[in-house]
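Residue numbers begin at 1 in each chain, while the letters A, B, ... track the order of the sequences.
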2 protein chains.
Amino acid sequence: MKLTELKAIQLAELFSALSDTSRVRIISILIEGEMSVSALAEELKMTESAVSHQLRGLRQMRLVRARKSGRQVFYTLDDKHVIDLFQRGLDHVLHG
Amino acid sequence: MKLTELKAIQLAELFSALSDTSRVRIISILIEGEMSVSALAEELKMTESAVSHQLRGLRQMRLVRARKSGRQVFYTLDDKHVIDLFQRGLDHVLHG
DNA sequence: TGAATAGTTGAGCAAGTATTCATATATTAT
DNA sequence: ATAATATATGAATACTTGCTCAACTATTCA
């Protein structure tokens with residue numbers, strides 16, 4: 001197939017977005033709908049700081065979008081392609 | 001969606017398999033057909049040791065299978081689901 | 001048998017990453 | 001204005017990971 005080095009890097013980066021347990025859990029929750037940082041933190045039993053750090057990464061990868069409302073920030077999923085990959089990966093894990 | 005911790009870990013591990021440039025390049029070559037370690041190493045301009053280390057990981061994840069012939073070892077792809085994920089990821093990278 | 005070839009493996013190192021902690025910013029409430 | 005709340009961020013730390021190097025096994029060739 002002979003990928004260029006650039007394409008190989010981009011592909012690895014794409015999958016890296018989903019290669020961490022915390023990010024996987026964040027995404028699995030956001031599939032239900034938008035949620036604030038503190039609500040995510042409570043759900044995940046993680047500190048708000050740790051969640052915020054991961055959300056920054058997901059933001060930079062354009063996987064989530066932030067909406068500010070008062071002093072809260074609500075996050076939603078923003079990349080249909082990656083979410084589709086996520087669902088397919090999940091199918092694989094759940095049934096064969 | 002509320003994944004169990006175990007499922008989240010398994011999903012992250014699945015995507016981790018494809019989250020490194022070297023592994024992506026190895027898989028992209030093996031899509032064409034089986035290849036020996038040294039041939040892979042030459043194609044990828046990597047040492048045989050580095051390739052062998054990555055192949056071990058891919059073997060443990062059941063992504064590739066090894067076939068020994070004389071003193072050579074030929075590797076082929078072994079997990080259709082993950083290869084399907086790979087192709088979808090590639091589509092995403094190649095066209096939008 | 002001895003030398004050469006193909007691959008594997010473990011140790012060690014360098015680079016990357018996720019979390020915590022402390023601090024900073026922004027918004028709301030009193 | 002002050003205090004409290006929600007989030008973001010930088011530095012430090014602990015952990016992970018991919019590579020190199022050296023040593024090892026297995027196979028073929030002379």
**Student:** Are Thr47(A) and dT19(C) close enough that a side-chain N or O sits under 4.0 Å from OP1 or OP2?
**Tutor:**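 The answer is no; no side-chain N or O of Thr47(A) sits under 4.0 Å from OP1 or OP2.
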**Student:** Do the side-chain N or O atoms of Tyr75(A) get closer than 4.0 angstrom to the phosphate oxygens (OP1, OP2) of dA8(D)?
**Tutor:**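 Looking at the OP1 and OP2 atoms of dA8(D), one of them is under 4.0 Å from a side-chain N or O of Tyr75(A).
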**Student:** How many Å lie between CD1 on Ile9(B) and P on dC15(D), as a whole number?
**Tutor:**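 Atom CD1 in Ile9(B) sits about 16 Å away from atom P in dC15(D).
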**Student:** Check whether any side-chain N or O of Gln54(B) sits under 4.0 Å from OP1 or OP2 of dC19(D), and answer yes or no.
**Tutor:**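 True: Gln54(B) side-chain N/O within range (under 4.0 Å) of dC19(D) OP1/OP2.
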**Student:** Rounded to the nearest angstrom, tell me the gap between atom CE in Met46(B) and atom C1' in dG18(D).
**Tutor:**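 Between C1' of dG18(D) and CE of Met46(B): 8 Å.
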**Student:** On a heavy-atom basis, which atom in Phe15(A) and which in Phe15(B) lie closest, and how many Å separate them?
**Tutor:**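 Looking at all heavy atoms of both residues, the shortest contact is CD2-CD2, 3.6 Å.
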**Student:** Salt bridge check: are Lys80(B) and Asp84(B) linked by an N-O gap of less than 4.0 Å?
**Tutor:**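 Salt bridge: no.
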**Student:** Taking salt bridge (charged side-chain N to carboxylate O under 4.0 Å, His left out) as the test, write out the residues that go with Glu5(A), two or more places apart.
**Tutor:**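 Per chain and number, Glu5(A) pairs via salt bridge (charged side-chain N to carboxylate O under 4.0 Å, His left out) with Arg25(B).
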**Student:** Of the options dG18(D), dA6(C), dT7(D), whose atoms approach the side-chain atoms of Arg23(B) most closely?
**Tutor:**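 Selected nucleotide: dG18(D).
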**Student:** Please name the pair of heavy atoms, one in Leu18(A) and one in Val24(A), separated by the smallest distance, quoted to 0.1 Å.
**Tutor:**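 So the minimum-distance heavy-atom pair works out to O-CG2, 3.4 Å.
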**Student:** Can you pull the ring-ring contact (aromatic ring centres under 6.0 Å, His included) pairs that have at least one residue in residues 60-82 of chain A, sequence neighbours excluded?
**Tutor:**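 Those involving residues 60-82 of chain A are His81(A)-His92(B).
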**Student:** Please give, in whole Å, the distance from dA4(C) P to Gln72(B) CD?
**Tutor:**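 These atoms are roughly 19 Å apart.
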**Student:** What is the distance, to the nearest angstrom, from the CZ atom on Arg65(B) to the C1' atom on dG7(C)?
**Tutor:**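 Spelled out: CZ on Arg65(B) to C1' on dG7(C) is 19 Å.
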**Student:** To the nearest angstrom, how far is Lys45(A) atom NZ from dA18(C) atom P?
**Tutor:**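 Between P of dA18(C) and NZ of Lys45(A): 22 Å.
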**Student:** Under the salt bridge (charged side-chain N to carboxylate O under 4.0 Å, His left out) rule, collect the residues that match up with Glu34(B), sequence neighbours excluded.
**Tutor:**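 With sequence neighbours excluded, Glu34(B) shows a salt bridge (charged side-chain N to carboxylate O under 4.0 Å, His left out) to Arg67(B), given in chain and number order.
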**Student:** Nearest-Å distance, CG (Leu44(B)) to P (dT20(D))?
**Tutor:**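 Atom-to-atom, Leu44(B) to dT20(D), this comes out as 12 Å.
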**Student:** Donor-acceptor pair, distance only, cut-off 3.5 Å: does the side chain of Glu32(B) make one with the backbone of Met1(A)?
**Tutor:**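 Such a contact is found between Glu32(B) side chain and Met1(A) backbone.
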**Student:** Closest-nucleotide mapping onto DNA chain C: is Val51(A) or Val51(B) further toward the 5' terminus? I mean the 5' end.
**Tutor:**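 By nearest-heavy-atom nucleotide position, the 5'-most residue is Val51(B).
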**Student:** Once you round it to whole Å, what is the distance between P of dT17(C) and CG of Leu58(A)?
**Tutor:**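 About 14 Å, once rounded to whole Å.
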**Student:** For residues Ala17(A) and Met61(A), report the shortest heavy-atom separation together with the two atoms involved.
**Tutor:**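 Where Ala17(A) meets Met61(A) most closely, the heavy atoms are CB-SD, 3.4 Å.
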**Student:** Any side-chain N or O of Ser22(A) under 4.0 Å from OP1/OP2 of dA18(C)?
**Tutor:**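 So the side-chain polar atoms of Ser22(A) never come under 4.0 Å of the phosphate oxygens OP1 or OP2 of dA18(C).
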**Student:** In a table with atom names and distances, give each donor-acceptor pair under 3.5 Å that connects a side chain of residues 37-52 of chain A to protein atoms at least two apart or in another chain.
**Tutor:**
| residue | atom | partner | partner atom | Å |
| --- | --- | --- | --- | --- |
| Ser38(A) | OG | Ser36(A) | OG | 3.4 |
| Thr47(A) | OG1 | Ala50(A) | N | 3.0 |

**Student:** Polar atom pairs between nucleotides 9-13 of chain D and protein, under 3.5 Å, N or O only, would you list them?
**Tutor:**
| residue | atom | partner | partner atom | Å |
| --- | --- | --- | --- | --- |
| dT9(D) | O4 | Ser49(A) | OG | 2.7 |
| dG10(D) | O6 | His53(A) | NE2 | 2.8 |

**Student:** Enumerate the protein-to-nucleotides 23-30 of chain C contacts in which both atoms are nitrogen or oxygen and the separation is below 3.5 Å.
**Tutor:**
| residue | atom | partner | partner atom | Å |
| --- | --- | --- | --- | --- |
| dT27(C) | O2 | Arg71(A) | NH1 | 3.2 |

**Student:** Please state how far atom CG in Asp20(B) lies from atom C1' in dT17(C), giving the value in whole angstrom units.
**Tutor:**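 Rounded to the whole Å, the gap is 14 Å.
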